[in-house]
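Source: prediction; values computed, not measured. Throughout, numbering of the chain's residues begins at 1 and tracks the sequence.
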Amino acid sequence: MSTLVALNPTAQEFVSKPLKMFIGGKWVDALSGRTTEIRNPADGTLITTAAEAEKEDVNFAVIQARKAFEEGSWARMKPNERAKLMLKVADLIEEHSEELAHLDTLDYGQPLSTTLNFPVAAADNFRYYAGWATKITGETHTSSVPGEIFNYTRREPLGVCAGIVPWNAPLMNAVMKITAPLAVGNTVVIKPSEETPISLLRLGELIQEAGIPDGVVNIVTGHGATAGDALASHADVDKIAFTGSTAVGRKIIQNSAVNIKKVTLELGGKSAHVIFSDADYETALQSASNAIFWNSGQVCFAGSRLFVEKGIYDRFLSDLAEYSKNYRIGNGFDESSVIGPLISAKQKKRVLDYMDIGQKEGAEMLIGGEAIEGELDKGHFVKPTVMANVNNDMTIAKEEIFGPVVSAIPFDGEDEMINLANQTDYGLGGGICTTNLKKAHKVANALNTGNIWVNTYNITEPNSPFGGYKQSGIGRENGAASIDSYTEVKNVWIDLN
Ligand code: NAD
């Protein structure tokens, strides 16, 4: 029996009661009174319940967000004052970082060694965008029109911005949908995954404690097909930023047509991680393993297609299997755990089904391929799995599995690899392991993907644009890209004659 870290007492208190939604500065139940059970993926136990929003609740939240926007308590607040409040939120996140990490581990199962990073990154993200609040500028244009014309641009907030996020890094995915819109004066309605609302709701309390005016940030909890659909199709929402599957991304585009909402989509991936035979061997092993097994493979940019140069393919796969089979799998509150559970029984079944399909189509399973028995059998644990002799036409090379399963494909030379790596509907992440800098640049330029890591993987920062080519999304988040996507540009012409 493993020893578990005790749940942080404030976190314990937070989940000891049914969770309400944060709308218009008040904590409210769903109008229907309905709730959704929130269960611990490590053992299936009930953690708490959350209000189950439907169309009317979403409408109420949008009305409150619109009211807050029009009243101008945020949009017309001086930028340095907005920045101060956002910095206050960052300080509070830092102060409560252990508690927030514990809530994420409780809710989506990943080890504390993973979730403790998220409050740090969340505070960073609030500080980064607090900095932007005072740096929003327009341009002046020299005019060739006869007479004297003063021609300039202004950047203005869009209005009500909605965010819908998935369950795989609950706090961080949500924060990315809050900070940039707030920096430029928008108001926000955000919906977490029905599986993982807890840390975002606690963040709502911290946002309130920091003094962000009522109605500026609203949190609705509920299911995708009801609350999510109502938010995406609401005619008074000006922008929707969605992170989730490509299938739901398609629906978001359709629903956004109702009022031609601005849309940003961060969708799925099937990222190529390329190991050249000239790579530093140990670095490549660590990188290949980390790229797929971190967060139990529930990562949109996971290096799930592993391309290994033919000369080292057999040795590399055998070492990768050896390296990865010793990861300690367990409850996220056990400090020795490296790999936690998948989010749900449904996700576990989906991942195990893909392994079966892979084998039926001729792939060879080197390690993994089964759920965990014994002490952990009530949780949704799946062992790290390495599938060898995969080719690009197999289902496990084409479809996103979103679990700890890597599909390894041999290649012969740069040109073949580039061709194979780009044969995918997705284009989110990618990795290259080589000691040849010229090759690294050449391949990085040739891969059709939004993010590439060389001799490393899994790094993101608030100042660096993140997003996908092809069916991995539309637009970019982070950095100046988010400021662009949360503002309208107004061009003003003044005749000075
Ligand atoms: P999902 O698409 O099923 O759900 C994501 C969110 O959308 C949830 O909040 C859900 O309630 C909501 N939703 C579901 N149906 C909806 C609908 N019809 N209308 C509006 N909202 C709806 O995804 P998931 O299973 O929660 O997460 C896994 C997926 O997310 C993977 O495909 C993964 O690659 C992707 N993801 C992408 C990124 C990225 O930045 N590109 C990051 C994390 C996860």
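With sequence neighbours excluded, no residue forms a side-chain hydrogen bond (donor to acceptor under 3.5 Å, both in side chains) with Lys270. Every residue two or more places apart in sequence or in another chain that forms a salt bridge (charged side-chain N to carboxylate O under 4.0 Å, His left out) with Glu94 is listed here: Arg127. Listed by chain and number, the residues in a ring pair (Phe, Tyr, Trp, His ring centres under 6.0 Å) with His380 amount to none (sequence neighbours excluded). Residues satisfying the salt bridge (charged side-chain N to carboxylate O under 4.0 Å, His left out) test with Lys84, not counting sequence neighbours, are Glu81. Shown here are the salt bridge (charged side-chain N to carboxylate O under 4.0 Å, His left out) partners of Arg154, two or more places apart in sequence or in another chain: Glu156. Every residue meeting the side chain to side chain contact (heavy atoms under 4.5 Å, CB included) condition with Ala61, not counting sequence neighbours, appears here in chain and number order: Ile23, Val189, Asn218, Val220. Not counting sequence neighbours, Glu52 has no partner by the salt bridge (charged side-chain N to carboxylate O under 4.0 Å, His left out) test. A search for side-chain hydrogen bond (donor to acceptor under 3.5 Å, both in side chains) contacts involving Asn151 returns Asn491, not counting sequence neighbours.
Ion pairing between a basic and an acidic side chain is recognised when a charged N comes within 4.0 Å of a carboxylate O; Lys177 and Glu477 show such pairing. Looking at Asp107 and Arg39, no side-chain N of the basic residue comes within less than 4.0 Å of a carboxylate O on the acidic one, giving no salt bridge. Between Arg155 and Asp484 there is a salt bridge, with a side-chain nitrogen of the basic residue lying less than 4.0 Å from a carboxylate oxygen of the acidic one. At a threshold of 4.0 Å, the pair Glu71-Arg76 does not count as salt-bridged, since none of the basic side-chain nitrogens sits closer than that to a carboxylate oxygen. The pair Glu54-Arg34 meets the salt-bridge criterion, with a side-chain N (NZ, NE, NH1 or NH2) lying under 4.0 Å from an Asp/Glu carboxylate O.
Of the possible donor and acceptor atoms, one in the side chain of Lys191 sits under 3.5 Å from a partner among the backbone N and O of Gly222. Not one N or O on the side chain of Asn478 forms a donor-acceptor pair closer than 3.5 Å with the backbone of Pro465. One N or O on the side chain of Lys261 and one on the backbone of His234 form a donor-acceptor pair closer than 3.5 Å. Looking only at distances, a side-chain donor or acceptor of Ser271 sits under 3.5 Å from a matching main-chain atom of Gly429. Between the side chain of Arg305 and the main chain of Ala421, a donor-acceptor pair closer than 3.5 Å is present. A donor-acceptor pair under 3.5 Å is formed between the side chain of Arg476 and the backbone N or O of Gly468. The main-chain N or O of Ala65 is found under 3.5 Å from a side-chain atom of Thr187 such that the two form a donor-acceptor pair. With hydrogens and angles ignored, the 3.5 Å screen pairs no side-chain donor or acceptor of Thr140 with any backbone N or O of Tyr152.
Stacking of Lys239 on the aromatic ring of Tyr486 is recorded, both the 6.0 Å distance cut-off and the 45° axial limit being met.
Within the model, atoms CD1 of Ile198 and CG of Leu19 stand 6.0 Å from one another, a figure rounded to the nearest 0.5 Å. Rounded to the nearest 0.5 angstrom, Leu87 CG and Arg82 CZ are separated by 12.5 Å. With rounding to the nearest 0.5 Å, the separation of CZ in Arg202 from CD in Glu205 is 4.5 Å. We find the CG-OG1 distance between Asp425 and Thr246 to be 8.5 Å, quoted to the nearest 0.5 Å. With rounding to the nearest 0.5 angstrom, the CG atom of Asn59 is 9.5 Å from the CG atom of Leu31. Interatomic distance, Leu171 CG to Leu103 CG, rounded to the nearest 0.5 Å: 9.5 Å.
Ring pair Trp27/Phe22 is parallel by interplanar angle, where below 30° counts as parallel and above 60° as perpendicular.
Test Trp294, Tyr469, Phe466 against Phe301 for ring-ring contact (aromatic ring centres under 6.0 Å, His included) and you get one pass: Phe466.
Within the structure, ring-ring contact (aromatic ring centres under 6.0 Å, His included) pairs that include any residue of residues 57-107 comprise His102-Phe333 (at least two apart or interchain). A side-chain hydrogen bond (donor to acceptor under 3.5 Å, both in side chains) check over residues 440-455, counting only residues at least two apart or in different chains, returns the pairs Glu414-Lys442. Annotation: ring-ring contact (aromatic ring centres under 6.0 Å, His included) contacts involving residues 158-203, sequence neighbours excluded, comprise Trp167-Phe402.
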Got a list of side-chain donor-acceptor pairs under 3.5 Å for residues 116-125, not counting sequence neighbours?
{"from": "Asn117", "atom 1": "ND2", "to": "Ser113", "atom 2": "O", "distance (Å)": "3.1"}
{"from": "Asn117", "atom 1": "ND2", "to": "Thr114", "atom 2": "O", "distance (Å)": "3.3"}
{"from": "Asn125", "atom 1": "OD1", "to": "Thr179", "atom 2": "OG1", "distance (Å)": "2.7"}

Going through the distances and angles, do Glu98 and Asn8 end up as a side-chain hydrogen bond (donor to acceptor under 3.5 Å, both in side chains)? CA-CA 7 Å; Glu98 180 188 276; Asn8 170 289; 2.8 Å; yes
Taking it one step at a time, do Asn80 and Lys78 satisfy side-chain hydrogen bond (donor to acceptor under 3.5 Å, both in side chains)? CA-CA 6 Å; Asn80 60 347; Lys78 292 294 175 203; over 6 Å; no
Intermediate values then yes/no, side-chain hydrogen bond (donor to acceptor under 3.5 Å, both in side chains), Asn173 and Asn168: CA-CA 8 Å; Asn173 275 323; Asn168 62 330; 3.0 Å; yes
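Residues Ile207 and Glu209 have side chains not in contact (no heavy-atom distance under 4.5 Å, counting atoms from C-beta outward). Side-chain contact between Lys470 and Ser472 is absent, with no heavy-atom pair separated by less than 4.5 Å.
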